[in-house]
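Proteins come first, then strands; the chains are lettered A, B, ... in the order of their sequence lines, and each starts at number 1.
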Number of protein chains: 2
Amino acid sequence: MTEQAATTGAGAEPAATARGAQTRQLILDTALRMFKEHGYAATSMRAVAREAGVAVGNAYYYFPSKEHLILRFYDDVQAEHRAAAAPVLAGSTEFADRLAGVLHAGVDTNAPYHAFATSFFKVAADPDSPLSPFSAESAGARQASIALFAEALDGSTIKVDAQLREELPELMWLAYMGVILFWVHDRSPGQRKTYLLIDRAAPLLARLITMSRLPVLRPLIREALDLLRHLRHRT
Amino acid sequence: MTEQAATTGAGAEPAATARGAQTRQLILDTALRMFKEHGYAATSMRAVAREAGVAVGNAYYYFPSKEHLILRFYDDVQAEHRAAAAPVLAGSTEFADRLAGVLHAGVDTNAPYHAFATSFFKVAADPDSPLSPFSAESAGARQASIALFAEALDGSTIKVDAQLREELPELMWLAYMGVILFWVHDRSPGQRKTYLLIDRAAPLLARLITMSRLPVLRPLIREALDLLRHLRHRT
DNA sequence: GTCTATAGCAAGATAGAC
DNA sequence: GTCTATCTTGCTATAGAC
């Protein structure tokens, strides 16, 4: 079992001594609890500090900004995601099952936070925010997540066009982002529509990927991949 | 100049008397000018009020929040989209050209404001906000936009599977939302990557849509459409 | 290296008098 | 409708204690 998700390059948040680590954890836990209870926007740094029994300055000593509190939270969720996905990755070699399983696990780990996920989703939507899934600061968590999808692909028996296979883990991660986007907007009880989407779209994608080697589709796929490579890099 | 864009159901912003309407317009014009000059974040409500020669409270009397100032602005831009798309819709019957043309027009009209478009985007990304493109309140604007894509489709010579054709305008609009999402994150000079995406993805989509009638793809398309119908309605 | 206390800034937003 | 005064909040600064 992999213990360590790659850490976000979020910058040093001091925790040299044991006492320091404890204080930092206290602040983080307090903040996340309050976020869950009252939402992100409605929870002020002053309130977090008061509730945790520390000075405001102390909170800022450990976390450069309010948003960085959530960044840490992302890391935790990502680590849980991998753990939650482990069973299905050990149990099936069917691509559709493995993909659906990892997506399921992703939504499951986020489920307890659906209520306040919306309140900080708008923060994550800002391209300039370190919270953006595309930002440099979240590169660590992103790479760890992509690696999880690579694992889902590699352990499957699906036959994939060689060029497509190279890009597929990142594309699967993109699909995951799409699922999260849907999930955030999903108002059905228990977000059951999101699960419906996963369970029915995964086999569809598996069939489409299998068909990627057909002569009719291959040139289309190749051109799409070429476009993707042009678009990927910044600037 | 088009007076009325489809209104966002953004709520009443008082303009009872003639003088009131004048004051409101003054505040709006001043704000938009300053946004364009210095960006959204760098323009404070105090500065807007001072520049317009009114009190801060007065600005808030007409606009519930700083973000609502942008909303009004966005309405104006939206109105330009249809006008900007008119030439290409009158000039070609090729589906790829028409789709690319409408998408181009959409990005073009937004282009001058890319720098502070992210500010609006943050608000629109919040599922609870009436400004969300998926919200009930923005249904009017959304339908108008979808109608524009329906026009792009109907005026083209492309052959489409009957069931797919029914859903295609909405799917094209969804693709447009995706393009905007990409555009907001696009840091390349002049957002040239967004134009690259449009110009190369549109022909690809056209080919894919044409192929939707092939026996290999048809069942896949049918199932995807069935899923789409299950997911569309709220709750 | 940790942590407190307090003061203060600029900004978004509001209350209530006129 | 319009103003002034005030509140709240993210965040910074400083100075010092253990």
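Other residues, nucleotides and ligands place no more than 12 heavy atoms under 6.0 Å from the CD atom of A:Gln22. Shown here is A:His230, whose NE2 atom has no more than 12 heavy atoms of other residues, nucleotides or ligands within 6.0 Å.
Distance check, rounded to the nearest 0.5 Å: CG of B:Leu28 to CD1 of B:Ile70 gives 11.0 Å.
For the OP1/OP2 pair of D:dC3 and a distance below 4.0 Å, the side-chain nitrogens and oxygens of B:Asn58 include at least one atom meeting the criterion. An OP1 or OP2 oxygen of C:dC3 is reached within less than 4.0 angstrom by no side-chain nitrogen or oxygen of A:Tyr61. A close approach under 4.0 Å does not occur between any side-chain nitrogen or oxygen of A:Thr17 and OP1 or OP2 of C:dG1.
In this structure, the CZ atom of B:Arg50 is 16 Å from the C1' atom of D:dC3, given to the nearest Å.
Every residue was checked against the ring pair (Phe, Tyr, Trp, His ring centres under 6.0 Å) condition with B:Phe182, not counting sequence neighbours, and none meets it.
Ring to ring, A:His68 and A:Tyr60 are not that close: their centroids are 6.0 angstrom or more apart.
Looking at heavy-atom distances under 4.0 Å, B:Ala47 makes no contact with the nucleic acid at all.
Closest approach to the A:Ala16 side chain among C:dC3, C:dG1, D:dT2 is made by C:dG1 (side chain taken as heavy atoms from C-beta onward).
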With sugar-phosphate taken as primed atoms, P, OP1 and OP2 and all else as base, the protein-contact string of nucleotides 9-18 of chain C at under 4.0 Å (heavy atoms; B, S, -) is --BBBB----
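Side-chain contact check for B:Ser135 and B:Ser138: at least one donor-acceptor pair (N or O, by modelled atom type) lies under 3.5 Å.
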